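In what follows, every chain begins at residue 1, and chains take the letters A, B, ... in the order their sequences are listed. Remember, it's a predicted structure, so these values are computed and weren't measured experimentally.
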Amino acid sequence: MSCLKQSNLRGFACEQSCLTRSDGSATFNQGETTVLAAVYGPVEVKLSKEHVEKAAVDVIYKPKVGIPGCKEKATEQLIKSTCETVLLVALHPRTAVVIVLQEMQNTGSLLSCCINACCQALMDAGINMRCLVCAVTTTVDQEGHIILDPTSKQEEDGKAVLTFAFDSKTNGVIMTTTSGIYSSQEYQECLLSAQHASAKIFEFYRDSILKKLSRVS
Amino acid sequence: MEDSIGKVVIPGDILQNLDEKKGKIKVTVGPGLIRDGSHIAVTKSGILRHREPSVFWVDCHQKRYVPARGDNVIGIVTAKQGDVFKVDIGSSEPASLSFMAFEAATKRNRPNLNVGDCVNAKLLVANKDCEPELVCIDSYGRSSGLGILPNEGFLLQCSIGLVRQLLRNKFNVLTFLGKAIQYEVAIGMNGRIWLHCHTVRETIAISNAICRSELMSDEEVQIMSKKVVDSLQGFE
């Protein structure tokens, strides 16, 4: 029986519209992990990427140093499919929504931070969305304890890292990705604790929007 | 629904008992709202607005323009293609503007419009599945304020939220400044504002004042406009 070792998420913060030239942008911090997301869209699409019935979502992930490789391409794909699920892509056929993610600092739980930054930037850009999305990373350490929102060291030391993305409407799982070895029971428990933590992130989303718009209403 | 008017809504929120409140009146949902079965779902984060009797929409500070039929927009001519001009209106696709869609235009008498010129036009066709189409005349064939914008103006880009604010609110920065300074202005729903003043100094001052007024209350705008006018006339 595994138990929850670290039940708190690290402190998170967010700033919207931090870039002036993009249609929507946001920086998202989870502990020390920081990601800057910029959204452009709906914009003109390259003929090769055009879909006649929906908008093409294009995610570009920029690592802090070096050029993006296979790992980054895989991350892009994950974020792309997650965003496509929550965006109402059918409302803007033959266009593209371009999301550029810049890693600023990585101290663990990078993928969940990327997805959260994406969601904030998409909201800022005013693109039609079915619901909001948030992601939580968990890790299972060598003794089988579950750690929420792990740091890089905890990720390295643990035997498995699991990331889940949830939607705000039904709180159901949109995306899950895992690495390492874990039992099915550990998976279920990680899922439950992540789902529980996602409520806090959604609450934070609402608060940050309220704060931003309270001045104009 | 009633109690969330004027409040902040975020995507995924459900607005209920809309039909009960409004009885048999047809409810019109605008941008940011979508019908989801028997409910209305929110698709943008912003402030829920309502206009009598039953029009609802979400006010959202967005920067990218999505064409809507009947909008007055300011476009820049990017190409001439046979009988039509291609006009950039800031949307995902350039709009087309027929050379016949000008006042008193005939096959022989073409409008004098070149690449790079600005036009104030109305969207006749704005459908998500086809190319937007512009016209510079109304249904009577009159220009009614639309047409080519003179070359001496200044075009500035701002958010669509600001444009809506300027057009909705009677007591905005333009009216306050207009009491003291003479200028001409054309506002496009695509976030472009064309400005023409007597001097460059005035143009700079007014364009800065417009951009700064976005997140200000009416009183703040009034104070700011007064300051701008004072400094233009040499009082500090």
Side-chain angles (χ1 to χ4, degrees), chain A residues 16-17 19-25 39-45 50 52-56 86-98 119-120 122-134 167-171 202-203 205-217, chain B residues 4-14 30-36 39 41-49 58-67 78 88-94 127-132 157-162 164-165 169 191 211 213-218 220:
Chain A
Q16 286 194 325
S17 318
L19 302 176
T20 50
R21 308 275 297 179
S22 65
D23 295 327
S25 57
V39 170
Y40 302 83
V43 289
E44 208 174 334
V45 62
E50 189 181 87
V52 277
E53 77 290 355
K54 61 175 188 176
V86 290
L87 286 171
L88 287 164
V89 279
L91 288 181
H92 304 289
R94 296 174 305 107
T95 62
V97 174
V98 183
C119 179
Q120 291 277 326
L122 285 169
M123 261 204 282
D124 186 43
I127 296 175
N128 290 299
M129 293 165 93
R130 192 172 287 117
C131 54
L132 300 179
V133 59
C134 85
D167 72 272
S168 65
K169 227 177 203 173
T170 59
N171 218 8
F202 286 131
E203 209 173 291
Y205 281 177
R206 191 177 282 274
D207 284 348
S208 65
I209 290 290
L210 272 174
K211 225 173 228 176
K212 185 189 160 205
L213 293 175
S214 57
R215 278 193 298 173
V216 281
S217 67
Chain B
S4 45
I5 290 163
K7 297 255 172 68
V8 174
V9 287
I10 59 172
D13 284 359
I14 301 284
L33 298 172
I34 198 165
R35 188 166 272 280
D36 177 18
H39 304 306
V42 178
T43 62
K44 284 180 187 181
S45 67
I47 298 154
L48 186 70
R49 302 275 187 204
V58 177
D59 230 354
C60 163
H61 275 252
Q62 104 185 45
K63 286 187 198 161
R64 177 70 55 178
Y65 180 65
V66 178
T78 53
D88 166 39
I89 55 168
S91 61
S92 62
E93 199 177 8
N127 188 321
K128 64 179 173 154
D129 294 306
C130 49
E131 184 183 46
Q157 181 86 43
C158 61
S159 85
I160 291 166
L162 174 59
R164 291 213 190 101
Q165 209 172 304
N169 195 350
C211 290
S213 73
E214 184 164 4
L215 293 172
M216 285 184 179
S217 65
D218 284 355
E220 285 172 321

Kindly give the heavy-atom pair with the smallest separation between [X] and [Y], and that separation in Å.
{"X": "Ser168(A)", "Y": "Pro11(B)", "value": "OG-O, 4.1 Å"}
{"X": "Leu88(A)", "Y": "Ile34(B)", "value": "CD1-CD1, 4.2 Å"}
{"X": "Pro42(A)", "Y": "Ser92(B)", "value": "O-CB, 3.6 Å"}
{"X": "Asp129(B)", "Y": "Arg94(A)", "value": "O-NH2, 2.8 Å"}

Reported CG-to-CD1 distance for the pair Leu132(A) and Ile10(B), which is rounded to 0.5 angstrom: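 One gets 4.5 Å once the value is rounded to the nearest 0.5 Å.
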Residue part contacting chain A, namely of Ile160(B), when any heavy atom lies under 4.5 Å: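 Neither the backbone nor the side chain of Ile160(B) comes within 4.5 Å of chain A.
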Under 4.5 Å from any heavy atom of chain A - which part of Val58(B):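 For Val58(B), there is no contact with chain A at all, as no heavy atom is under 4.5 Å.
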Glu220(B): partners by side chain to side chain contact (heavy atoms under 4.5 Å, CB included), with sequence neighbours left out: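 Glu220(B) satisfies side chain to side chain contact (heavy atoms under 4.5 Å, CB included) with Met216(B), Ser217(B) once adjacent residues are dropped.
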Results of side chain to side chain contact (heavy atoms under 4.5 Å, CB included) for Cys130(B) - residues two or more places apart only: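 Per chain and number, Cys130(B) pairs via side chain to side chain contact (heavy atoms under 4.5 Å, CB included) with Val125(B), Asn127(B).
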Most contacts with chain A, counted as non-hydrogen pairs under 4.5 angstrom, among Lys128(B), Gln62(B), Gln157(B):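 Between Lys128(B), Gln62(B), Gln157(B), the count favours Lys128(B).
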Residue selection (most heavy-atom pairs with chain A, distance under 4.5 Å) from Glu93(B), Lys7(B), Arg64(B):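 Greatest number of close heavy-atom pairs with chain A: Arg64(B).
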Can you tell which part of [X] gets under 4.5 Å to a heavy atom of chain B, answering side chain, backbone, both or neither?
{"X": "Asp124(A)", "result": "backbone"}
{"X": "Ile127(A)", "result": "backbone"}
{"X": "Thr170(A)", "result": "neither"}
{"X": "Ala90(A)", "result": "backbone"}

Qualifying residue for side-chain contact (heavy atoms from CB on, under 4.5 Å) with Ser45(B), from Gln120(A), Met123(A), Gln16(A), Lys212(A):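 Only one of Gln120(A), Met123(A), Gln16(A), Lys212(A) forms a side-chain contact (heavy atoms from CB on, under 4.5 Å) with Ser45(B), namely Met123(A).
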Residue selection (most heavy-atom pairs with chain B, distance under 4.5 Å) from Arg130(A), Lys169(A), Met129(A):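 Ranked by contacts with chain B, first place is Met129(A).
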Choice from Cys131(A), Ala96(A), Gly24(A), Ser17(A) maximising heavy atom contacts with chain B below 4.5 Å: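 Highest number of heavy-atom pairs under 4.5 Å: Cys131(A).
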Check: Ser22(A) main-chain N/O paired with Lys63(B) side-chain donor or acceptor under 3.5 Å: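 Here the side-chain-to-backbone pair exists.
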Short N-O contact, Asp13(B) and Arg206(A), less than 4.0 angstrom: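 Yes, charged N to carboxylate O under 4.0 Å.
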